[in-house]
Amino acid sequence: MAKNEVTIEKKEKEEIVESLLTPGHKACTGCGLALAARTVMNTAGKDIIVTAATGCLEVFSTSYPHSAWKMPWIHSLFENSAAVAAGIEVALKALGREKEAKIIAQGGDGATADIGIGCLSGMFERGHNILYVCYDNEAYMNTGVQRSGLTPFEAWTSTSPSGKVSWGNPTEKKNMPAIAAAHGIPYVATASVAYLKDLEKKVKKALEIVGPKYLQIHAPCPLGWAHEPYDTIKVAKLAVQTGLIPIYEMENGVITSVRKITKKAPVEEYLKLQGRFKHLFKKPGFEKELERIQAMADATIKKFNLM
Amino acid sequence: MTKPEGTVSKPGSSKEYKTGAWRTKRPIFKQEKCNDCRICVAVCPDGVIFGANKKYWADLDYCKGCGICVEECPLKDIELIVEVK
């Protein structure tokens, strides 16, 4: 009995292992991005060097004089997270210490798909051994919900407002994983905070591959998407179950695995939880727009063979 | 040694700022039906749920009370209560 108690105590102590992204950071309640970043860091382990682009992640984790990171971490500018990581990788090689640490570059959807796409493309082209993680919360949340290249069709943002004439963002989500894969890099994957085990598996797999890797994580933002903080995982799950966000892996340009939809949900279910889509349920003629979005989801399901 | 401007030499120093003060609701772990699935530990955005062997707790110094653990607990063994002082 006494022996048993000791082991339990020991195990409990082991359970208070802190995340590599420590608490006390200033992310909003229910932040999907904080959850994604924490999972990526804990999976990668402590022997990493991390860069971050400007964005929510950088702002909430490092409000001077505090840092929430427990590893060497650098933020330089909005556009050059990938370039800074490339510099670190080359420096480690020059010192002959490239085996000592893995390098992770991070950026939000704006930093990845809009502002930093040049540096990212360069990193892919030169073949640096870096994992690039894009946290996709579908707008520039840090500066007040401006539209980005990864904002979905007909979403409200402060620069694509819905109104008498407008239905919100007029363009579709940019296919960033396909752009990354077109560089001929060895590993491209998408993930979601709704499926954390899948995300962990992908981070582990990516870090074992030599060469540039791209991982895009769909992470809901309660503030910008205007949903309840406790619904973060539910919203992320519905995005996958409706077919709007396909979860897949590409190795050397070929899709090797997809996450099948277990229970198909209509897009309304996903859209109605979020304030950024509320005009799609109010404005006259909304049925037609919902049909259009449903058609997009169905096309994605067909394209990736999700069912 | 003087440190270069704009650097933070203490890793993980965000712990000096206690985000628990933001909270209006707090999770209560009832520990009646818990089956050690550890989903609550995994889904916490701040990583402040700890424990093992059907005993879990949230570090209330940092818990922001988002309620994701309550929503995601498959056995509904966690409750969110409004904090009143």
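The structure presented is a predicted model; accordingly, all values stated were derived computationally and were not measured. Lettering follows sequence order; numbering is per chain, from 1.
- Only the backbone of A/Pro65 has a heavy atom closer than 4.5 Å to any heavy atom of chain B.
- Rounding to the nearest 0.5 Å places CD1 of B/Ile49 at 10.5 Å from CG of B/Asp59.
- Rounding to the nearest 0.5 Å gives a distance of 8.0 Å between CD1 of A/Ile48 and CG of A/Leu207.
- Using a 4.5 Å cut-off between heavy atoms, A/Asn42 does not touch chain B at all.
- Between the side chains of B/Asp36 and B/Tyr56, at least one donor N or O lies within less than 3.5 Å of an accepting N or O.
- Looking only at heavy-atom pairs under 4.5 Å with chain B, the residue among A/Ala27, A/Ser61, A/Cys31 that has the most is A/Ala27.
- When the heavy atoms of residues 21-34 of chain B are compared with those of chain A, the residues falling under 4.5 Å are B/Trp22, listed by number.
- Side-chain N/O atoms of A/Thr262 and A/Gln241 include a donor and acceptor closer than 3.5 Å.
- For B/Lys18, no part lies near chain A; criterion is any non-hydrogen pair under 4.5 Å.
- A side-chain donor from one of A/Lys26 and A/Ser63 sits under 3.5 Å from a side-chain acceptor of the other.
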Carefully, step by step, assess A/Asp47 and A/Lys102 under the rule salt bridge (Lys or Arg N to Asp or Glu O under 4.0 Å). CA-CA 7 Å; A/Asp47 294 329; A/Lys102 300 219 156 96; over 6 Å; no
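- Looking only at distances, a side-chain donor or acceptor of A/Asp109 sits under 3.5 Å from a matching main-chain atom of A/Ala139.
- Comparing A/Ala34, A/Pro23, A/Pro229, A/Gly30 by heavy-atom pairs within less than 4.5 Å of chain B, the highest count is held by A/Pro23.
- Of the options A/Tyr135, A/Tyr270, A/Trp225, a ring-ring contact (aromatic ring centres under 6.0 Å, His included) to A/His218 is made by A/Trp225 and by none of the others.
- When every heavy atom of B/Ile78 is checked against every heavy atom of B/Cys69, the shortest pair comes out as CD1-O, 3.6 Å.
- Not a single donor-acceptor pair under 3.5 Å links the side chain of A/Arg259 to the backbone N or O of A/Ala191.
- When atom types are taken as modelled, the side chain of A/Arg38 and the backbone of B/Cys44 share a donor-acceptor pair closer than 3.5 angstrom.
- In summary, the side chains of A/Ser257 and A/Glu249 do present a donor paired with an acceptor at a separation below 3.5 Å, with no hydrogens or angles considered.
- For a heavy-atom cut-off of 4.5 Å, chain B lies close to A/His66, A/Ser67, A/Ala68, A/Trp69, A/Lys70 in residues 66-84 of chain A.
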From CA spacing to verdict: salt bridge (Lys or Arg N to Asp or Glu O under 4.0 Å), A/Arg276, A/Glu138: CA-CA 11 Å; A/Arg276 63 174 176 161; A/Glu138 306 194 323; 2.7 Å; yes
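- For chain A, the option among B/Pro11, B/Gly12, B/Ser14 with the highest count of heavy-atom pairs below 4.5 Å is B/Ser14.
- Chain A forms more heavy-atom pairs under 4.5 Å with one residue of B/Val41, B/Asp46, B/Asp61 than with any other, namely B/Asp46.
- Contacts with chain A were tallied for B/Val48, B/Val70, B/Ile68; B/Ile68 has the most, counting heavy-atom pairs under 4.5 Å.
- When atom types are taken as modelled, the side chain of B/Lys76 and the backbone of B/Glu71 share a donor-acceptor pair closer than 3.5 angstrom.
- Most heavy-atom pairs under 4.5 Å with chain A: of the set B/Gly47, B/Gly67, B/Gly65, this distinction falls to B/Gly47.
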